[in-house]
Engineer: 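One structure is given below, represented as structure tokens, and several questions about it will come after.
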Amino acid sequence: MAVKTVPGRFAFDRDGILILPAATLIIAALALPAFRDPANLANVVRQAGVLGILAIGQTFVISAGMLDLSIGAITGLVVVLSSALLNGDAALTLPVVALMVAVGAVIGMLNGVLLNTLRLHPLILTFGMLSVLQGAIFSFTDKSVGRTSAPLAMLANGDIAGVPWSALLLLVLAIGGHLLLAHTRFGYHLMAAGGNPESARRAGINIERIRFAVFVISGVTAALAGLLLAGRLGTGYPLAGNGLELDAIVAVVLGGTLLSGGRGSIWRSLAGVLMLAVLSNTLNLMNVSAFVQMFVKGLVVIGAILLNQPRRASS
Amino acid sequence: MILTRRTLLALMGTTATTLAIRSAFADQATDTAQTAKAAETVDTSAFKKSGKIKIGVSAGYLSNSWVVFALQHVRWEASKHDVSEVIVTDAGFNPAKQVSDIEDLLRQKIDLLIYWPVDDASVANVLKRAVDAGVPTVQAGGGFTDAPGVTSNAYISQWKLGEMVARHLMQDIGGKGKIVAMLPIAGTTAAVDQLDAFNTVAKEYPGVELLSAEYGDWNRAKAKQITENLLQRFPKIDGVFSPSGQMSIGMAEAFDEAGRLGETVFSPGDEYNGWLKWAATHKQGGVVTFPTRAGQVAVQVGMDILAGKPVTRGVAVPSVYVAPAEIGSLVAADRPDDWWASQLPPEFLPQ
Amino acid sequence: MSVAATQATRLQLSHFGRYAIFFVLAVIYVAGLAVSPAFAEPNYILNILRQITPVGIAAVGVTFVMILGGIDLSVGAVISLTSVLTATVMAGDVANLAPAILLACAVGLCIGLINGIIVAFSRASPFILTLGMGVAVVGLTQMLTGGTAKGIVSPGFREFFNFRVGGLLPNLAIAFLLLVAIGLFIEKATIFGRQLFLVGTNRATAVLSGLAVRRVTIAAYAISGLFGALAGIALLARSGVSSTVAGQGLEFQVLAAVVLGGTTFEGGRGGIAGTVAGVLVLAIAFNLVNIAGLPYQMQLLVMGFIIILASALYGQISDLAD
């Protein structure tokens with residue numbers, strides 16, 4: 001890593017980006033009483049759940065120096081498959097969940113294998129995979145199919161003592177992800193591989209295995225996100241996953257993680273997700289038109305990029 | 001990214017094989033059954049409210065001119081009542097966002113919810129929550145929806161629309177010939193019902209052959225592209241079944257550029273301004289309306305519900321036929337193609 | 001094997017890599033002929049060309065950026081915006097034709113310049129930057145139109161572009177070929193073109209050797225923006241009416257075509273000739289899916305497979321040639 005700062009101290013070029021989510025939250029909380037309403041806050045968190053899970057997975061991918069464009073399609077596939085298989089039957093919930101996680105893992109493995117053997121650029125590979133999966137979803141159905149089960153719907157929409165279940169799920173996954181990324185040898189090797197593959201290889205790190213594992217993690221998180229999304233929608237809408245991959249990447253970048261790899265933090269990515277959710281919510285509360293919201297979102301992304309400059313002598 | 005209808009269009013299309021659930025709206029019998037169900041009365045006593053009303057509009061999408069006009073009709077009708085404000089959310093063709101939007105609207109304590117869905121099934125749960133919270137819901141402009149979360153509908157029967165269009169086309173081509181059909185997004189109620197209505201009518205005319213049914217997704221450019229391919233595949237096309245005016249224009253241009261406009265007859269389209277201009281100039285086709293005033297009717301029904309008056313489960317917004325000769329009065333020559341004939345007063349027209 | 005022999009093989013392989021796409025084009029064309037005799041008719045081919053023109057024009061512009069090692073994901077949004085702007089300014093009046101086209105080009109150029117400046121002067125990733133720019137531009141387009149497609153095309157505009165010279169060659173296709181020629185000229189015959197390849201191959205070296213890397217970068221993105229605008233105008237010419245989101249999703253088709261043509265993400269190789277071939281391959285592939293009566297979503301599957309296969313092939317070839 002190139003940035004030499006004292007860990008724990010606020011360094012503007014590295015942490016400046018976090019001003020954005022913090023500012024958004026503070027301004028919203030101060031300016032809009034409607035925002036502070038606990039029911040609204042719960043809504044915001046609930047709405048951010050799916051993207052949050054995806055961002056966790058994508059953090060691993062980006063830290064490893066790659067991008068996974070197929071996660072939206074994996075999510076969509078899981079939404080459709082899980083709803084079709086469950087068809088409202090709560091008893092099938094656990095087996096279907098297990099199966100969906102397996103599906104996500106298998107697609108991730110496929111991505112990993114293809115990447116390692118065909119030596120494709122991850123963008124190309126995952127984009128191709130996205131197209132293939134979308135085609136597959138549409139061959140299966142062109143309109144909403146099936147129904148999700150009550151437990152999943154409860155997970156996505158319900159809460160316990162005012163705290164949404166999806167928030168708890170997200171927290172658990174985030175803690176697990178953080179431990180994996182920042183406190184294990186695997187995570188350390190991942191960062192090394194992402195930051196400088198050549199040095200990492202020379203140091204004896206098995207880059208191919210890392211990349212393979214990263215894609216599996218990405219696939220599994222996409223599957224989990226799909227199950228949550230199905231709970232949110234209540235049914236298997238084929239286009240549910242569209243565009244989510246780009247939103248996830250944006251969220252990770254908003255948190256200050258660089259696309260060049262070697263750096264990444266689950267909490268930062270969640271900050272990015274939160275910021276997007278808060279922004280969307282605030283603009284909705286202010287009755288800003290969806291068109292303006294889109295424009296603002298674009299400006300925010302550009303602004304975030306400008307605020308977040310890698311400090312390297314050479315790229 | 002941004003889910004717009006056009007992004008959808010890039011991705012959707014005909015399905016050759018599906019394990020699809022059979023559509024619940026697929027034939028004349030269903031249409032008749034729907035009409036019967038629509039006539040049922042709804043008990044609105046639970047929703048009665050007095051004082052200023054806050055209306056929430058959850059738009060599944062606002063990215064085409066039809067819904068923009070429908071929304072303006074909503075605003076127009078709202079202005080005639082004791083309405084404090086009209087809050088509009090746009091889900092941008094994202095059903096998960098529409099769920100969130102409706103949750104947000106409920107939190108803002110609306111009294112009435114008008115909506116058009118991205119996907120009926122996806123919002124069924126949140127609509128039920130709205131009704132349970134005492135907020136009546138009225139679906140505007142789509143097909144008739146019978147669900148616990150939908151209090152009433154201001155609906156347009158795509159089946160009846162398709163039937164009218166088909167009958168007039170049959171008349172105009174003299175009851176026989178080779179036809180191509182251009183339909184909206186595959187899998188939508190509109191597409192399914194329109195095609196079924198056509199097939200039902202065509203049964204009465206054994207001399208009519210359907211060469212191909214295509215899905216142009218309400219996209220003029222896409223319809224044009226598909227038609228160019230059709231013109232290559234089929235040396236002779238006698239008639240075009242296309243209830244959507246904006247797709248009809250694209251098709252007409254394709255025929256024109258291939259020099260084959262004279263060989264075919266166009267069915268009536270809707271009151272899309274571009275189509276109106278074309279039909280008025282070429283004196284064929286005519287119009288079967290796809291009324292944007294469904295938005296207005298939705299608000300009327302909603303206000304009735306809030307007043308505690310009895311309403312039916314569905315209020316049909318009927319399509320009417322306008323012959324080519326009478327189109328002159330509908331055309332707005334100085335307006336863009338992407339415009340709809342309507343009775344909106346000038347201050348409510350889209351800017 | 002002797003050193004000279006292996007070097008010769010490597011050279012052969014790298015040449016093969018460069019021309020592979022043309023080979024693929026020939027193969028897929030023959031496949032097309034096998035599926036439908038219509039492929040032998042010039043009219044049909046020109047039709048396909050007309051359909052793919054907007055993507056093709058945009059792809060030419062994006063090629064410049066990708067040779068540099070960058071990427072432009074905002075091109076779809078630029079197409080939508082310029083398409084709408086052109087129609088709005090035209091307002092149905094022939095007199096407005098020139099100002100409309102000029103304004104659209106200026107807007108495209110501007111957006112490209114902004115992209116280029118940010119990429120050149122910061123270390124921002126072009127991927128996320130142009131993505132954000134694309135989102136902003138789409139929002140802007142929607143804001144300007146309020147959801148309805150504004151503007152009326154000048155009479156004669158559409159007719160002019162779809163008019164066939166000699167009853168055969170549509171003006172739109174001629175415009176496309178002209179732009180391709182201009183692009184090829186810039187790429188092969190100008191210093192700028194050579195600089196693009198140099199920077200793309202090894203940025204550090206280019207900087208050290210005193211190349212005005214920033215200027216080259218800005219210019220490349222500006223060109224991409226300009227060609228995006230031209231593509232928007234072409235789209236308007238094809239469809240006759242603007243649509244607020246006509247260009248959406250096109251950036252991925254453009255990307256696919258460019259990568260197919262041999263210009264990879266790493267930069268420093270490829271070129272417009274390959275891009276055009278890539279565009280044609282995609283167009284024929286889509287058309288084949290259509291003609292064969294396969295459902296539309298098969299297009300997606302086909303596109304996905306083609307991209308993966310082609311990229312894998314290029315990867316193998318470049319491996320062997322290294």
Side-chain angles (χ1 to χ4, degrees), chain A residues 67 69-70 73 114 117-140 142 238 242-243 246-247 249-250 252-254 258-260 289-315, chain C residues 71 73-74 77 114-115 118-119 121-147 203-204 207 244 252 255-256 259 264-266 295-316 318-319:
Chain A
L67 282 173
L69 290 179
S70 65
L114 285 174
T117 53
L118 294 180
R119 302 250 289 125
L120 291 169
H121 193 281
L123 246 160
I124 294 284
L125 169 68
T126 54
F127 175 55
M129 185 60 79
L130 166 143
S131 306
V132 168
L133 287 174
Q134 271 176 352
I137 295 176
F138 271 100
S139 306
F140 182 62
D142 61 341
N242 270 30
L246 296 174
D247 282 344
I249 294 176
V250 166
V252 172
V253 166
L254 278 179
L258 296 169
L259 283 185
S260 40
S289 92
F291 308 146
V292 176
Q293 285 196 32
M294 217 183 292
F295 182 59
V296 169
K297 181 171 163 187
L299 289 183
V300 163
V301 173
I302 298 177
I305 295 167
L306 291 175
L307 266 182
N308 193 40
Q309 297 301 313
R311 260 249 248 102
R312 296 200 188 173
S314 62
S315 60
Chain C
I71 189 174
L73 290 176
S74 65
I114 298 177
N115 278 335
I118 297 183
V119 171
F121 282 94
S122 76
R123 301 221 169 267
S125 148
F127 181 87
I128 202 81
L129 170 71
T130 54
L131 188 67
M133 182 62 81
V135 172
V137 170
V138 168
L140 193 65
T141 314
Q142 305 266 40
M143 277 164 65
L144 286 176
T145 61
R203 193 166 200 267
V207 169
T244 59
F252 285 113
L255 208 62
V259 169
T264 59
F265 284 108
E266 286 86 26
Y296 266 109
Q297 47 270 32
M298 285 305 163
Q299 275 190 15
L300 290 171
L301 266 162
V302 166
M303 188 163 82
F305 275 128
I306 289 179
I307 292 173
I308 295 184
L309 277 172
S311 299
L313 203 64
Y314 283 128
Q316 296 299 335
S318 78
D319 263 5

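Convention: sequence-line order gives letters A, B, ...; per-chain numbering from 1.
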Engineer: How long is the span from the OG atom in Ser125(C) to the CG atom in Leu258(A), to the nearest 0.5 Å?
Structural biologist: 9.0 Å
Engineer: In Å and rounded to the nearest 0.5 Å, what is the OG1 to CZ distance from Thr141(C) to Phe291(A)?
Structural biologist: 11.0 Å
Engineer: Ile308(C): what forms a side chain to side chain contact (heavy atoms under 4.5 Å, CB included) with it, not counting sequence neighbours?
Structural biologist: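 Once residues adjacent in sequence are excluded, the partners of Ile308(C) under the side chain to side chain contact (heavy atoms under 4.5 Å, CB included) criterion are Leu118(A), Leu120(A), Leu125(A).
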Engineer: Got Ile249(A) and Phe127(C) here, is their nearest side-chain heavy-atom distance under 4.5 Å?
Structural biologist: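 Of all side-chain heavy-atom pairs linking Phe127(C) with Ile249(A), at least one is under 4.5 Å.
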Engineer: Can you say whether Val253(A) sits under 4.5 Å from chain C via the side chain, the backbone, both, or neither, judging by heavy atoms?
Structural biologist: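 Side chain only.
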Engineer: Select one option (side chain, backbone, both, neither) describing which atoms of Ile124(A) are under 4.5 Å from chain C's heavy atoms.
Structural biologist: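 For Ile124(A), heavy atoms of backbone and side chain both lie under 4.5 Å from chain C.
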Engineer: What is the minimum heavy-atom distance between Phe295(A) and Ala136(C), and which atoms define it?
Structural biologist: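 Reported closest heavy-atom pair: CD1-O, 3.1 Å.
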Engineer: Side chains of Phe252(C) and Leu130(A): closer than 4.5 Å at any heavy-atom pair?
Structural biologist: no
Engineer: Locate the shortest heavy-atom distance separating Ser131(A) from Gly304(C); write the atom from each residue and the value.
Structural biologist: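 Closest approach of Ser131(A) to Gly304(C): CB-CA, 3.6 Å.
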Engineer: Name the option with the most non-hydrogen atom pairs under 4.5 Å to chain C; the candidates are Val292(A), Leu299(A), Val296(A).
Structural biologist: Val292(A)
Engineer: How many angstroms lie between CD1 in Ile305(A) and CG in Leu129(C), if you round to the nearest 0.5 Å?
Structural biologist: 4.5 Å
Engineer: With side chain to side chain contact (heavy atoms under 4.5 Å, CB included) as the test, pick out the partner of Ile302(A) among Val135(C), Ile118(C), Thr130(C).
Structural biologist: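 Single pass found, and it is Ile118(C).
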Engineer: Pick whichever of Val300(A), Leu133(A), Val132(A), Val301(A) has the most heavy-atom pairs under 4.5 Å with chain C.
Structural biologist: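 Greatest number of close heavy-atom pairs with chain C: Val132(A).
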